[in-house]
Structures are given as structure tokens and as C-alpha cells.
Amino acid sequence: MVASNCDCAGGGGADDGAHAGRRAVLGRAEDVRWAAGAVVAGLAVAHGFGNFYALTARPEAAVVRRVNLMRGRPAGQSGSVTTAPARIPLLFDWARLPDGIGHQAVAALIDALFALGPFGFQGPAPAHVPGHLTAMDGGRRTVRVIAPGYSCPSNDFLSRAVSGTRGDLLFIASASRSRSAGAIEEPAHWRAAGLRSEFGREAGVRVLEHADEQVALRNYPLHEPMSASVLAFHRTDGVDEHGRPRLVLQRHGSLPPERIRQTAERFGFGLALGPGAQQRLAKREYDGADAGGRPNGLSD
């Protein structure tokens with residue numbers, strides 16, 4: 001369930017005194033506690049997430065609206081969610097899987113893909129996920145769960161933050177913003193310098209960096225540093241040539257479709273590319289003259 005003990009003002013609440021003028025990093029216990037406290041207080045935290053950066057905040061509607069507007073997105077845009085690894089199964093309604101799709105096979109596929117790194121799944125939403133964090137697809141109420149993968153040090157931060165909110169989930173968004181109202185958002189940041197340039201002066205945002213960005217990149221050799229690929233299992237797209245039900249890739253992000261297909265086949269699934277996966281998301285490009293990063297294209 002979602003707790004509602006937040007005033008959602010977004011103007012303060014975190015104890016910043018010990019962190020003034022220095023980097024806060026994943027893996028440093030005091031920094032993780034500070035960042036989790038900022039989320040509990042109603043702020044957003046831009047933090048390392050696999051091999052890139054994401055924005056995480058409380059799941060209340062007022063917070064989601066504020067973060068959407070800060071990012072240049074429509075206030076009412078539905079959000080994605082994240083949580084601690086142990087709570088991921090709580091965020092899907094396993095009784096509403098499509099015919100021919102088994103709970104154990106899907107759960108094993110989720111584990112296998114999160115073992116590789118950052119990834120996202122869209123599945124049937126349980127009743128306790130609020131409406132502003134769900135989306136309708138073909139008459140089905142769905143939730144999109146995005147996590148950094150089981151080996152990412154950000155799981156400590158996420159665990160502390162979600163426990164502090166006394167709920168099961170948090171709101172998550174790309175660490176990027178649109179440059180004009182209604183524009184498609186730019187690619188996610190994967191360098192701290194660009195992240196700080198973009199969000200470091202925002203009153204309602206705190207930054208929790210990768211301790212070593214080169215290590216973060218090396219830890220995920222199969223993934224490009226960009227927003228995660230998203231696989232749907234609330235519906236299927238027929239069967240493949242071997243009679244396997246085809247799950248739908250909703251977004252072609254950091255992990256390539258061929259690797260997703262190979263993994264899905266191990267658990268009895270085929271793969272179909274949805275309309276949003278026909279083209280890969282763009283990777284943010286940086287140069288010395290532009291610390292914020294100049295995109296080489298736009299993401300969805």
C-alpha cells in the first residue's frame with residue numbers, strides 16, 4: 001500500500017548540513033541514509049541506477065505531479081514505479097496473467113533479466129497501486145516496474161527509502177528533462193557532471209552519484225548506458241514458430257532485443273517487438289563544452 005504521511009511540499013526536509021559542498025555517493029552508508037531520508041521527506045533523488053541515473057521520489061500524486069512538471073512533462077503523466085528487490089513480486093497481480101502464461105515461468109524470467117542488470121516489466125497492476133502510477137492497455141490495468149538489477153548498490157538506497165515511506169513502492173523517472181512543454185524527453189544522464197548540471201540546483205532534488213562511473217559502466221557489459229528496456233507480460237502477441245507465447249517488448253532500451261529473446265526462450269517464451277520497440281532509445285552524448293550532455297536523438 002502507499003503511505004500518505006508526506007506534506008509533499010518539496011522545499012526541504014532533508015538534513016543537508018553534513019553534505020554541503022561534497023559528493024554523496026552510493027556505497028557510503030551515511031550518504032545512502034541521507035538520500036533515503038530526502039525521499040521520505042518528499043524530495044526527489046537523482047541517483048545511480050545500473051549504469052546510468054534515475055530520479056526516485058515518493059509515490060503520492062502530488063509528488064509525481066511536481067516531478068513531472070520539473071522534468072518538463074505533463075503534470076498528469078502516469079508514472080513508473082520501483083522498489084527493493086524483495087518487494088518486486090508484490091507489485092503485480094499474478095491472478096490476472098494471460099491464458100497460457102504461468103506465474104513461476106514469469107517470475108523466473110524476471111529474476112534472470114534482473115540478474116543481468118537494469119530492466120523494466122509491464123504487468124497486471126494489483127489494487128494497491130494507485131491510478132496515477134498505472135496505465136490502461138487493451139482494457140487491462142497495468143503497472144510498469146523498473147529496477148536497477150540485483151547487483152546494483154542502489155538497492156540499499158531503494159530499500160531504505162521504500163521502508164521509510166511505509167509502503168511497497170516508489171515513483172521513478174528518467175534523469176532527464178524536456179526542453180519545451182510537451183516535448184519528447186531527452187536521454188537519461190549517465191555521467192554525474194551532466195546530472196549535476198541538469199538537476200544539482202533544483203531545490204527539490206538531491207544527487208546520489210555512482211562511486212565510480214567507469215566501474216558502473218564495466219559492470220554491465222551487455223547494457224548501453226540509457227533507460228532500461230521494458231518487457232510486457234500482461235498480454236501476449238500470439239505464438240512463435242515453436243508454439244511459445246510471445247511476450248511483447250514495449251521499449252528497446254539498454255539491453256538488446258536479441259539478448260532478451262535468448263533469455264525469454266529459456267523459460268518457454270517467444271518475443272515480439274511492440275510499436276515502441278522498433279527503434280532503440282538514444283544514448284546521451286557528452287563533450288567538454290557541454291557538461292549537461294547533448295543528445296544524439298530523443299527517447300520516448
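Keep in mind that what you see is a predicted model, and the values were worked out from it rather than measured. Side chains are part of it too, since the values below use all heavy atoms of this structure and drop only hydrogens, waters and symmetry mates.
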Student check: side-chain heavy atoms of [X] and [Y] closer than 4.5 Å:
| X | Y | answer |
| --- | --- | --- |
| Phe199 | Arg206 | no |
| Leu109 | Leu113 | yes |
| Pro118 | Asn51 | yes |
| Arg141 | His234 | no |
| Tyr220 | Ser151 | yes |
| Ser80 | Leu133 | no |
| Leu55 | Ile172 | no |
| Thr165 | Leu170 | yes |

Ion pair check, [X] and [Y], cut-off under 4.0 Å:
| X | Y | result |
| --- | --- | --- |
| Arg71 | Glu198 | no |
| Arg246 | Asp240 | no |
| Asp93 | Arg96 | yes |
| Arg58 | Glu60 | yes |

Between [X] and [Y], does the ring centre distance come in under 6.0 Å?
| X | Y | result |
| --- | --- | --- |
| Phe121 | Phe114 | yes |
| Phe157 | Trp34 | no |
| Tyr53 | His210 | yes |

Sort and list the pairs that fulfil salt bridge (Lys or Arg N to Asp or Glu O under 4.0 Å) and have at least one residue in residues 75-87, not counting sequence neighbours.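 Of all non-adjacent pairs touching residues 75-87, those that pass salt bridge (Lys or Arg N to Asp or Glu O under 4.0 Å) are Arg87-Asp168.
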Examine distances only and state if a side-chain atom of Arg259 and a backbone atom of Leu222 form a donor-acceptor pair shorter than 3.5 Å.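 Checking the backbone N and O of Leu222 against the side chain of Arg259, no donor-acceptor pair under 3.5 Å is found.
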Counting only heavy atoms not in Glu265 (residues, nucleotides, ligands), do more than 12 fall under 6.0 Å from its CD?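 Yes - once you tally the heavy atoms of other residues, nucleotides and ligands closer than 6.0 Å, there are more than 12.
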Report, as yes or no, whether the 6.0 Å neighbourhood of atom CD on Gln104 holds more than 12 heavy atoms from other residues, nucleotides or ligands.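 Count not over threshold, so no.
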Determine the sole option in Arg22, Arg28, Arg191, Arg23 for which the salt bridge (Lys or Arg N to Asp or Glu O under 4.0 Å) test with Glu209 is passed.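 Going through Arg22, Arg28, Arg191, Arg23 one by one, the salt bridge (Lys or Arg N to Asp or Glu O under 4.0 Å) with Glu209 is satisfied by Arg23 alone.
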Worked verdict on Arg218 versus Glu213 for salt bridge (charged side-chain N to carboxylate O under 4.0 Å, His left out): CA-CA 9 Å; Arg218 289 197 299 269; Glu213 287 174 351; over 6 Å; no
Criterion salt bridge (charged side-chain N to carboxylate O under 4.0 Å, His left out) on Arg284 and Glu186, from CA distance to verdict: CA-CA 8 Å; Arg284 183 177 286 267; Glu186 295 183 359; 3.5 Å; yes
Working for side chain to side chain contact (heavy atoms under 4.5 Å, CB included), residues Leu91 and Thr83: CA-CA 9 Å; Leu91 301 186; Thr83 192; 3.7 Å; yes
Under a 3.5 Å threshold, yes or no: a donor from one side chain and an acceptor from the other, between His47 and Thr56?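 Result is yes, a qualifying pair exists.
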Any side-chain donor paired with an acceptor under 3.5 Å for Ser227 and Arg251?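 Arg251 and Ser227 do not have a side-chain donor-acceptor pair below 3.5 Å.
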Could you grab the distance from atom [atom1] of [X] to atom [atom2] of [Y], nearest 0.5 Å is fine?
| X | Y | atom1 | atom2 | value |
| --- | --- | --- | --- | --- |
| Ile260 | Phe269 | CD1 | CZ | 14.0 Å |
| Gln250 | Thr142 | CD | OG1 | 8.0 Å |
| Ser229 | Leu281 | OG | CG | 7.5 Å |
| Asn155 | Leu26 | CG | CG | 10.0 Å |
| Phe233 | Ile110 | CZ | CD1 | 4.5 Å |
| Leu255 | Phe119 | CG | CZ | 6.0 Å |

Count I, L, V, M, F, W, Y as connected when their side-chain heavy atoms are under 4.5 Å apart, and connections chain through other members. Are Tyr150 and Leu116 then in the same cluster?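 Both belong to a single hydrophobic cluster.
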Under the criterion ring-ring contact (aromatic ring centres under 6.0 Å, His included), which of Phe49, Tyr286, Phe52 is the partner of Trp190?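 Only one option passes, and that is Tyr286.
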Step-by-step side chain to side chain contact (heavy atoms under 4.5 Å, CB included) determination, Thr236 to Leu247: CA-CA 5 Å; Thr236 59; Leu247 304 182; 4.2 Å; yes
Output, in order, the C-alpha distance, side-chain angles, deciding distance and verdict of side chain to side chain contact (heavy atoms under 4.5 Å, CB included) for Val32 and Val25. CA-CA 7 Å; Val32 170; Val25 299; over 6 Å; no
Side chain to side chain contact (heavy atoms under 4.5 Å, CB included) between Thr263 and Glu258, intermediate numbers included: CA-CA 9 Å; Thr263 306; Glu258 188 54 37; over 6 Å; no
Looking at every non-hydrogen atom in both residues, tell me the closest pair between Trp94 and Leu97 and how far apart they are.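 In terms of heavy atoms, the two residues are closest at O-CG, 3.5 Å.
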